[in-house]
Each structure stands twice: as structure tokens, then as C-alpha cells.
Amino acid sequence: MEATRKEMGSKLTAALVRQLTAQGYEAQVVEGASERPAQSAIDESKLPPTDAVLRVYLNEVGMFSARFSRDYVPRVNLSAYLVRGETEDSLYSETLYYGADATNEKASWSVPANSNHRWSSFNELVEHPQEVAQSYDHAVNALATRIVQNVRAQVSPSAVVVRSAGP
């Protein structure tokens with residue numbers, strides 16, 4: 001499961017590029033983020049003023065079981081920021097919650113987990129590593145879709161070129 005967790009960044013980057021492109025944005029991955037994890041992978045001040053950078057940070061990834069529950073559900077929380085490269089003007093900023101921390105409301109930041117991704121005990125959880133990996137893949141795709149929907153609601157595709165810094 002550790003390998004699955006480590007692959008989430010590259011899977012999320014790919015999902016975001018797919019979703020952005022499908023929504024009419026010009027998106028490309030800028031290689032090299034893994035070399036400078038504490039900073040942006042590119043010198044954003046050198047980008048054309050119309051370009052933007054989508055920064056996404058995975059804040060929490062794991063399985064969660066509430067205090068009085070035996071069920072385990074995925075928890076993937078991330079923060080997303082779309083900034084204009086040259087000026088650092090914020091175009092979009094939000095923290096999104098998938099699974100355990102999501103609510104049933106239709107809030108832009110809340111992404112409920114797939115109802116099939118629930119395990120009734122810790123033993124059941126560790127006995128099904130492929131299903132757990134699939135739950136993370138579903139989380140990545142659902143979060144990428146929601147991020148792009150939220151960006152689209154705030155920023156027209158003709159207004160920016162998005163460059164995603166990724167591994």
C-alpha cells in the first residue's frame with residue numbers, strides 16, 4: 001500500500017492534465033518537481049503573464065475509522081492553488097476533502113468516497129490491498145474532476161494556460 005500512496009502524486013498530475021484538457025484548458029506538466037519538493041519546480045516569475053501554475057499539495061492520505069466505528073474509509077485531503085505565474089495573483093484556492101472528511105452536502109470542497117470503498121475491520125482492509133489501491137485511484141480521479149470543475153467555475157479557459165508542476 002505504501003507504493004500506491006507514493007504513486008498518488010504522479011497519478012493526480014496525470015488526472016489533472018486530462019481533466020484540464022477536456023475542459024478546454026491548455027495544460028502541460030513541468031518536469032522536475034521531485035528535485036525541489038519544498039519549492040515550485042519552475043521559476044514562475046519567468047512565465048508569460050497569461051500562464052498560470054496549478055499547485056496541488058496532498059495534505060492527508062490514509063484510511064480512517066471513526067472512534068465508535070469498525071469501518072475503514074479512505075481519507076484524501078488536498079489543497080489546490082491556481083496562481084498567475086508572473087504576478088502570483090490567486091485565481092483559485094481551495095482545500096478539498098475526499099472520503100472520511102467529506103460531508104453529504106454539495107459543497108465545492110466535499111467529495112464523498114465511493115460507497116464500495118469501505119472495509120468492516122482492519123483485517124479486512126489489509127486482506128484487500130488491490131481494492132484499497134483502487135479506492136485511492138478513485139479518490140485521485142474524483143478530486144481532479146472536482147478541482148477542474150471548481151477552477152472552471154471561476155476562471156475561463158481562454159484566460160490562462162495551466163502548467164502543472166509534476167514529477
**Message:** Checking Trp119 against Ser135 for the side chain to side chain contact (heavy atoms under 4.5 Å, CB included) test, could you report, in this order, the C-alpha distance in whole Å, the side-chain angles of both residues, the deciding distance, and whether it holds?
**Reply:** CA-CA 11 Å; Trp119 295 268; Ser135 75; 3.8 Å; yes

**Request:** Begin from the C-alpha positions of Tyr136 and Lys11 and carry the test side chain to side chain contact (heavy atoms under 4.5 Å, CB included) through to its verdict.
**Result:** CA-CA 10 Å; Tyr136 287 136; Lys11 288 181 178 183; over 6 Å; no

**Prompt:** Should Trp109 and Thr103 be marked as a side chain to side chain contact (heavy atoms under 4.5 Å, CB included) after you check the CA-CA gap, both sets of side-chain angles, and the distance that decides it?
**Reply:** CA-CA 9 Å; Trp109 50 266; Thr103 64; 3.8 Å; yes

**Message:** Evaluate Val151 against Tyr25 for side chain to side chain contact (heavy atoms under 4.5 Å, CB included), listing each step before the verdict.
**Reply:** CA-CA 10 Å; Val151 166; Tyr25 292 91; 3.6 Å; yes

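The distance from atom CD of Glu26 to atom OG1 of Thr21, rounded to the nearest 0.5 Å, is 9.0 Å. In this structure, CE in Met8 is found 8.5 Å from CG in Leu78, a value given to the nearest 0.5 Å. Note that CZ of Arg70 and CG of Leu125 are 13.0 Å apart. Values are rounded to the nearest 0.5 Å. One distance of note links CD of Gln19 with CG of Leu12; it measures 11.0 Å at 0.5 Å rounding. Separation of atoms CG (Asp137) and CD (Gln130) is listed at 11.5 Å; rounding is to 0.5 Å.
Classification of the His138-Tyr98 ring pair by plane angle, with boundaries at 30° and 60°, yields tilted.
Under a hydrophobic clustering in which Ile, Leu, Val, Met, Phe, Trp and Tyr are joined whenever their side-chain heavy atoms come within less than 4.5 Å, directly or via other members, Val111 and Val132 fall into the same cluster. Hydrophobic clustering (ILVMFWY, side-chain heavy atoms < 4.5 Å, transitive): Leu58 and Val73 are in distinct clusters. One hydrophobic cluster, built from ILVMFWY side chains closer than 4.5 Å, cannot hold both Tyr97 and Ile147; they sit in different ones.
When every heavy atom of Ala80 is checked against every heavy atom of Val56, the shortest pair comes out as CB-CG2, 4.2 Å. Here the closest non-hydrogen pair linking Gly99 and Ala113 is CA-CB, 3.6 Å. Ala139 approaches Val76 most closely through the heavy-atom pair CB-CG2, 3.8 Å. Listed here is the closest heavy atom pair of Val17 and Ala27: CG1-O, 4.2 Å. Residues Ala52 and Leu91 come closest through the heavy atom pair CB-CD1, 4.0 Å. Taking both residues in full, the closest heavy atoms of Asn150 and Ser108 are given as ND2-O, 3.1 Å, listed atom of the first, atom of the second, then distance.
A donor-acceptor pair is defined here as one N or O able to donate and one able to accept, closer than 3.5 Å; no such pair exists between the side chain of Ser69 and the backbone of Ser65. A donor-acceptor pair under 3.5 Å is absent between the side-chain atoms of Ser120 and the main chain of Asp71, judged by distance alone. No donor-acceptor pair under 3.5 Å is formed between the side chain of Arg146 and the backbone N or O of Leu96.
Applying side chain to side chain donor-acceptor pair (under 3.5 Å) to Asn77 and the options Thr95, Asn59, Asp101 leaves one that passes, Asp101.
Residues Tyr81 and Ser93 are in side-chain contact: their nearest non-hydrogen atoms beyond the backbone lie under 4.5 Å apart. You'll find the side chain of Asn141 reaches within 4.5 Å of the side chain of Arg18, heavy atoms only. Between Met63 and Pro74 the shortest side-chain heavy-atom distance falls below 4.5 Å.
Looking at residues two or more places apart in sequence or on another chain, you find a side chain to side chain contact (heavy atoms under 4.5 Å, CB included) between Gln154 and Tyr92.
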